[in-house]
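In what follows, a structure is listed as structure tokens, so that the remarks can point back to it.
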Amino acid sequence: MSKFYKIPVAKVEKMTPDSVVITFDIPAKLKNAFAYKAGQHVIVKTQIDGADIRRTYSFCAAPCEGEFRISVRHIEDGVFSGFANNTLKAGDVLELSKPLGAFSLDPKPGATYVGIAAGSGITPILSMIRCVLAQDDDSRFFLYYGNRDAEHTMFRRELAALKNLHMDRFSYQLFLTRQAVDNPFWGGRIDGEKITQLHKTVFKGLDVAGYYLCGPKSMVDDTRESLIASGEPASNIHSELFFAGEDGPKRTAAKAQAKAKINVIMDGREVQVDYRDEHGSILEAALSSGLDVTFACKGGVCATCRAKVKAGQVDMGINYGLEPEEIDEGFVLTCQSVPLSKAVTISFDE
Ligand code: FES
């Protein structure tokens with residue numbers, strides 16, 4: 001169930017010309033409910049001009065620091081990102097879900113990790129870096145981070161400070177698309193060719209415990225493919241997509257039933273929902289019948305609407321949020337799914 005908590009904003013700090021860091025003041029009695037793993041996100045909900053706005057943002061602090069911070073980059077025409085960058089101030093109250101998401105890192109002692117990020121994809125990776133460096137004196141993190149120029153690079157100062165503190169355990173390299181660089185290899189976007197080169201020259205010798213990728217789809221796909229082609233097992237590569245737009249992609253057309261009965265299992269109860277063509281997704285059908293189902297992006301990205309198909313058949317249009325193993329186990333993104341059989345049973349409790 002999508003329970004939201006009213007949480008006061010403690011601080012809003014400008015980080016780059018187009019981004020802010022928001023620190024939340026989580027009340028002591030909710031600290032346990034808000035315990036999170038490095039890499040996880042929250043759904044932020046608020047009303048703007050009468051509309052109910054929900055967005056997902058990853059924590060940029062690390063759980064071990066006991067802080068709750070997110071960062072928001074202003075996207076052109078972005079309703080929430082514009083509000084957060086121009087209007088939001090300390091003392092305002094936003095509604096937050098509990099921390100969510102499977103893109104997370106539980107550092108193992110003495111392990112080495114590689115992060116590859118672009119733009120605001122750095123946010124969950126930064127939380128992971130802080131966690132790994134705090135783990136023990138032998139854990140290491142190597143970061144490769146793409147941006148347009150140094151001025152718009154989020155967390156540039158924090159990364160430099162971490163590097164100064166942990167010279168032998170943390171290194172990072174920027175790729176810049178719109179600023180001159182000494183070595184052409186570090187100019188332009190992160191792509192598969194560059195990752196193949198880095199694998200040959202750096203990663204191969206590191207005994208990497210996990211690769212963590214976060215950024216736009218093209219970068220994440222290219223990077224994943226080139227790591228696999230270089231011999232890395234897919235199970236060692238973890239990723240989360242970041243979209244420049246706020247609405248995400250639209251689902252593709254699928255041959256859905258015009259009408260179907262959906263048995264929705266939620267909080268231990270089973271409720272029957274009538275699906276009709278105009279709903280367009282199982283999530284919308286469930287919301288229309290008044291069920292308090294969790295969702296955020298409605299674009300197949302955040303995976304907060306994940307549920308397991310227990311009976312019947314569904315078709316999922318777009319999926320950027322589920323891992324192949326989750327799909328094999330029968331999980332779908334309900335915002336992207338339509339019924340292919342007259343009756344479907346779907347559980348949000350799994
Ligand atoms: S609501 Fe985000 S994937 Fe469905």
Side-chain angles (χ1 to χ4, degrees), residues 1-4 36 39-46 51-59 70 72 75 78-81 94-104 120-121 123-124 213-217 220-221 238-254 256 262 264-267 273 275 279-309 314-340 344 346-350:
M1 194 170 91
S2 54
K3 183 161 181 179
F4 285 88
Y36 64 97
Q40 284 195 301
H41 60 262
V42 280
I43 305 170
V44 181
K45 184 158 95 98
T46 192
D52 183 21
I53 305 291
R54 296 178 185 213
R55 300 285 184 262
T56 56
Y57 290 100
S58 304
F59 289 109
I70 61 169
V72 180
I75 294 161
V79 177
F80 182 80
S81 63
L94 294 173
E95 291 184 66
L96 301 189
S97 70
K98 284 184 186 175
L100 300 161
F103 183 62
S104 63
S120 44
T123 311
L213 325 176
C214 191
K217 186 173 183 322
V220 168
D221 286 353
H238 313 274
S239 60
E240 182 162 85
L241 293 185
F242 156 74
F243 279 91
E246 290 199 348
D247 291 328
K250 301 287 178 255
R251 68 176 303 283
T252 55
I262 315 285
V264 176
I265 301 170
M266 209 172 89
D267 300 331
V273 167
Y275 173 89
H279 288 133
S281 73
I282 290 174
L283 174 73
E284 288 299 345
L287 292 171
S288 305
S289 62
L291 289 178
D292 193 9
V293 178
T294 308
F295 70 92
C297 72
K298 291 191 181 177
V301 180
C302 69
T304 47
C305 65
R306 185 186 99 135
K308 190 170 190 174
V309 179
V314 308
D315 177 80
M316 179 165 61
I318 284 174
N319 165 39
Y320 297 134
L322 295 179
E323 297 292 337
E325 313 85 69
E326 294 174 286
I327 295 170
D328 291 346
E329 287 171 31
F331 285 100
V332 292
L333 301 172
T334 53
C335 72
Q336 300 297 313
S337 297
V338 289
L340 292 181
V344 170
I346 198 152
S347 172
F348 287 92
D349 285 353
E350 306 273 337

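Just so it is clear, the values below take in all heavy atoms, side chains as well, and ignore hydrogens, waters and symmetry mates. Just so you know, ligand 1 is whichever comes first in the structure, and atom 1 is the first atom listed for that ligand. For this chain, numbers begin at 1 and follow the sequence in order. Everything quoted here is computed from the prediction, not taken from an experiment.
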Against heavy atoms of C335, which atoms of ligand 1 measure under 4.0 Å? 1 (S), 3 (S), 4 (Fe)
A student checking ligand 1 against G300 at a 4.0 Å heavy-atom cut-off should list atoms 3 (S)
Considering heavy atoms of the protein only, find what lies nearest to atom 1 (S) of ligand 1 and give residue, atom and distance to 0.1 Å. K298 N, 3.1 Å
Contact summary for L241 and V301, nearest pair of heavy atoms: O-CG1, 3.9 Å
Could you tell me how the ring of Y36 sits relative to the ring of F59: parallel (under 30°), tilted (30 to 60°) or perpendicular (over 60°)? parallel
I'd like to check which ligand 1 atoms, numbered from 1 as shown, lie under 4.0 Å from a non-hydrogen atom of V301. 3 (S)
For ligand 1, which atoms sit closer than 4.0 Å to a heavy atom of A303? 2 (Fe), 3 (S)
Quick one: angle C302 SG - atom 2 (Fe) of ligand 1 - C297 SG, to the nearest 10°? 100°
Side-chain contact, heavy-atom cut-off 4.5 Å: T123 with Y57? no
Give the numbers and elements of all ligand 1 atoms closer than 4.0 Å to a heavy atom of A296. 1 (S)
Could you grab the distance from atom CD of Q40 to atom OG of S58, nearest 0.5 Å is fine? 9.5 Å
N, O or S atom of C305 closer to atom 4 (Fe) of ligand 1 than 2.8 Å: yes
One should read off an interatomic distance between F331 CZ and N319 CG, to the nearest 0.5 angstrom, of 13.0 Å
Testing the basics here: between I262 and Y275, what is the closest heavy-atom pair and its distance to 0.1 Å? CG1-CB, 3.8 Å
